[in-house]
Participant: 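Please find one structure pasted underneath; my questions will follow.
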Amino acid sequence: MSASERTKMIAGEWYTCIDDELEALRVIARDAVFEHNSLPPRTRGNIGPALSALLGSAGEGARIEAPFHCAYGFNIHLGAGAFLNAGCTILDTAPVRIGNGTLLGPNVQIYCAEHHKEASGRQAGLEIARPVTIGNDAWIGGSAIILGGISIGDGAIVGAGAVVTRDVPDNTTVVGNPARAVKRG
């Protein structure tokens with residue numbers, strides 16, 4: 001018996017994103033995101049109720065500002081005190097772990113899905129999911145883009161607008177497109 005597309009996605013294998021089960025899961029996420037983005041801030045709290053229930057985990061004091069977008073939600077794990085500013089998008093086809101006290105600026109984008117390099121594969125909806133891990137006390141500047149398969153270390157800083165295509169070691173600052181290390185100071 002062939003593995004489901006969801007099983008292949010979770011296993012980090014090539015899967016077809018044009019799939020009824022995956023679409024049903026995305027609909028659940030869209031509903032939770034809609035509620036989160038639509039509730040008045042005092043009613044919503046740090047994370048809207050449906051989105052909070054959907055997330056893989058959220059530590060004490062984790063906060064997601066509206067508007068927010070995610071693909072599935074259940075692959076997102078937020079450490080205590082993690083903060084996602086307005087406009088963040090997380091395409092969480094693989095686990096995304098954001099550490100304690102880590103701050104994401106406005107419009108930060110995290111893309112776990114990588115599309116097939118051949119046009120025929122893209123037309124068939126083939127993707128592969130690569131996880132993203134951001135350590136504790138990191139700071140991701142506004143409009144930064146983090147690609148799938150990337151690890152960003154504890155205390156790292158990613159400059160505004162940077163495109164992170166390689167791992168970032170602990171306590172390293174990176175800027176630019178593609179992001180490169182610079183001296184702190």
Side-chain angles (χ1 to χ4, degrees), residues 6 9-10 12 15 17-19 22-39 41 44-59 62-79 81-99 102-116 122 125 127-135 138-152 156-168 174-179:
R6 181 180 185 183
M9 180 179 81
I10 291 168
Y15 65 95
C17 64
I18 304 166
D19 174 73
L22 293 177
E23 178 59 19
L25 293 169
R26 289 189 296 266
V27 167
I28 292 167
R30 285 193 297 266
D31 286 345
V33 165
F34 179 81
E35 178 199 72
H36 174 84
N37 292 337
S38 300
L39 285 170
R44 178 181 65 237
N46 285 345
I47 304 171
L51 183 57
S52 182
L54 184 63
L55 294 178
S57 61
R63 181 177 184 87
I64 301 174
E65 290 291 341
F68 172 74
H69 177 75
C70 66
Y72 296 100
F74 55 76
N75 277 322
I76 299 172
H77 302 273
L78 303 176
F83 177 78
L84 282 62
N85 211 328
C88 287
T89 296
I90 302 177
L91 301 184
D92 60 312
T93 55
V96 174
R97 299 185 185 285
I98 299 172
T102 288
L103 309 174
L104 274 63
N107 301 310
V108 168
Q109 318 269 321
I110 299 174
Y111 304 143
C112 293
E114 180 182 316
H115 297 283
H116 202 276
R122 290 191 301 276
E127 295 180 345
I128 194 163
R130 303 194 189 281
V132 170
T133 301
I134 304 173
W139 175 22
I140 312 300
S143 297
I145 297 172
I146 301 168
L147 300 182
I150 298 297
S151 290
I152 297 174
I157 298 172
V158 174
V163 178
V164 183
T165 61
R166 297 179 191 182
D167 290 350
V168 178
V174 298
V175 299
N177 179 4

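Residue numbers run from 1 in the order of the sequence given.
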Participant: With a 4.5 Å cut-off on side-chain heavy atoms, are P178 and R166 touching?
Facilitator: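 No, their side chains stay 4.5 Å or more apart.
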Participant: Measuring from I146:CD1 to I110:CD1, what's the distance to the nearest 0.5 Å?
Facilitator: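 Between atom CD1 of I146 and atom CD1 of I110 there are 4.5 Å.
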Participant: Do V108 and V158 come within less than 4.5 Å of each other through their side chains, counting heavy atoms only?
Facilitator: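 Sidechains of V158 and V108: no contact.
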Participant: Hey, is the main chain of V163 close enough, under 3.5 Å, to the side chain of N177 for a donor-acceptor pair?
Facilitator: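 Pair absent, no side-chain N/O of N177 close to backbone of V163.
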Participant: Below 4.5 Å, heavy atoms only, C-beta onward: do S52 and N46 meet side chain to side chain?
Facilitator: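 No - every pair of side-chain heavy atoms lies 4.5 Å or more apart.
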Participant: Please report the interatomic distance CZ(R130) to OG1(T93), rounded to the nearest 0.5 Å.
Facilitator: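 Here the interatomic distance stands at 10.0 Å.
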Participant: Taking C-beta and beyond as the side chain, do I98 and I90 meet within less than 4.5 Å on heavy atoms?
Facilitator: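 Yes, close enough: below the 4.5 Å cut-off.
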Participant: Rounded at 0.5 Å granularity, tell me how far CG in L55 sits from CG in L78.
Facilitator: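 Between L55 CG and L78 CG, I get 5.5 Å after rounding to 0.5 Å.
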Participant: Mark yes or no for whether N75, through its side chain, and G56, through its backbone, hold a donor-acceptor pair below 3.5 Å.
Facilitator: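 Such a contact is absent between N75 side chain and G56 backbone.
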Participant: Would you give the length of the straight line joining atom CD of E127 to atom SG of C112, rounded to the nearest 0.5 angstrom?
Facilitator: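 The CD atom of E127 sits 10.5 Å away from the SG atom of C112.
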Participant: Verify, without hydrogens or angle tests, whether N85 (side chain) and L104 (backbone) share a donor-acceptor contact under 3.5 angstrom.
Facilitator: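 Checked: no pair found.
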Participant: Give the minimum heavy-atom separation between A86 and A66, together with the two atoms involved.
Facilitator: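 In terms of heavy atoms, the two residues are closest at CB-O, 3.4 Å.
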Participant: With I140, which of I152, L84, L103 fulfils side chain to side chain contact (heavy atoms under 4.5 Å, CB included)?
Facilitator: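 One option only clears the test, and that one is I152.
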Participant: Is the backbone N or O of N107 less than 3.5 Å from a side-chain atom of Q109, with the two atoms forming a donor-acceptor pair by type?
Facilitator: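 Pair found, side chain donor or acceptor close to backbone of N107.
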Participant: Please report the shortest heavy-atom distance between C70 and V33, naming the atom on each side.
Facilitator: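 Residues C70 and V33, closest heavy atoms: SG-CG2, 3.8 Å.
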Participant: Indicate yes or no for a side-chain donor-acceptor contact from T102 to the backbone of A138 under 3.5 Å, with no hydrogens or angles considered.
Facilitator: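 Flag set: sc T102 to bb A138 pair under 3.5 Å.
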Participant: Measuring from atom CD1 of I47 to atom NE2 of H36, what distance do you get when rounded to the nearest 0.5 angstrom?
Facilitator: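 I47 CD1 to H36 NE2: 7.5 Å, rounded to 0.5 Å.
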Participant: Which atom pair, heavy atoms only, marks the closest approach of A29 to A71?
Facilitator: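 The pair with the smallest heavy-atom distance is CB-O, 3.3 Å.
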Participant: Under a plain distance cut-off of 3.5 Å, with no hydrogens placed, do T89 and H69 share a side-chain donor-acceptor pair?
Facilitator: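 Side chains of H69 and T89: no pair found under 3.5 Å.
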Participant: Do you know which two heavy atoms are closest between A129 and M9, and how far apart they sit?
Facilitator: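 Residues A129 and M9, closest heavy atoms: CB-O, 3.9 Å.
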Participant: If you take all heavy atoms of Y72 and L54, which pair is closest and at what distance?
Facilitator: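 Here Y72 and L54 meet closest at O-CD2, 3.3 Å.
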Participant: Measure across G99 and A82 and return the closest heavy-atom pair with its distance rounded to 0.1 Å.
Facilitator: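 Closest heavy-atom pair between G99 and A82: O-CB, 3.8 Å.
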Participant: What residues, two or more places apart in sequence or in another chain, satisfy side-chain hydrogen bond (donor to acceptor under 3.5 Å, both in side chains) together with E23?
Facilitator: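 E23: side-chain hydrogen bond (donor to acceptor under 3.5 Å, both in side chains) contacts with R26, R30.
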Participant: Is the NZ or CZ atom of R6 positioned over F74's six-membered ring, under 6.0 angstrom from the centre and within 45° of the axis?
Facilitator: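 R6 over F74 ring: yes.
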Participant: More than 12 heavy atoms of other residues, nucleotides or ligands under 6.0 Å from CZ of R122: yes or no?
Facilitator: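 Yes, CZ of R122 has more than 12 neighbouring heavy atoms, counting only those of other groups under 6.0 Å.
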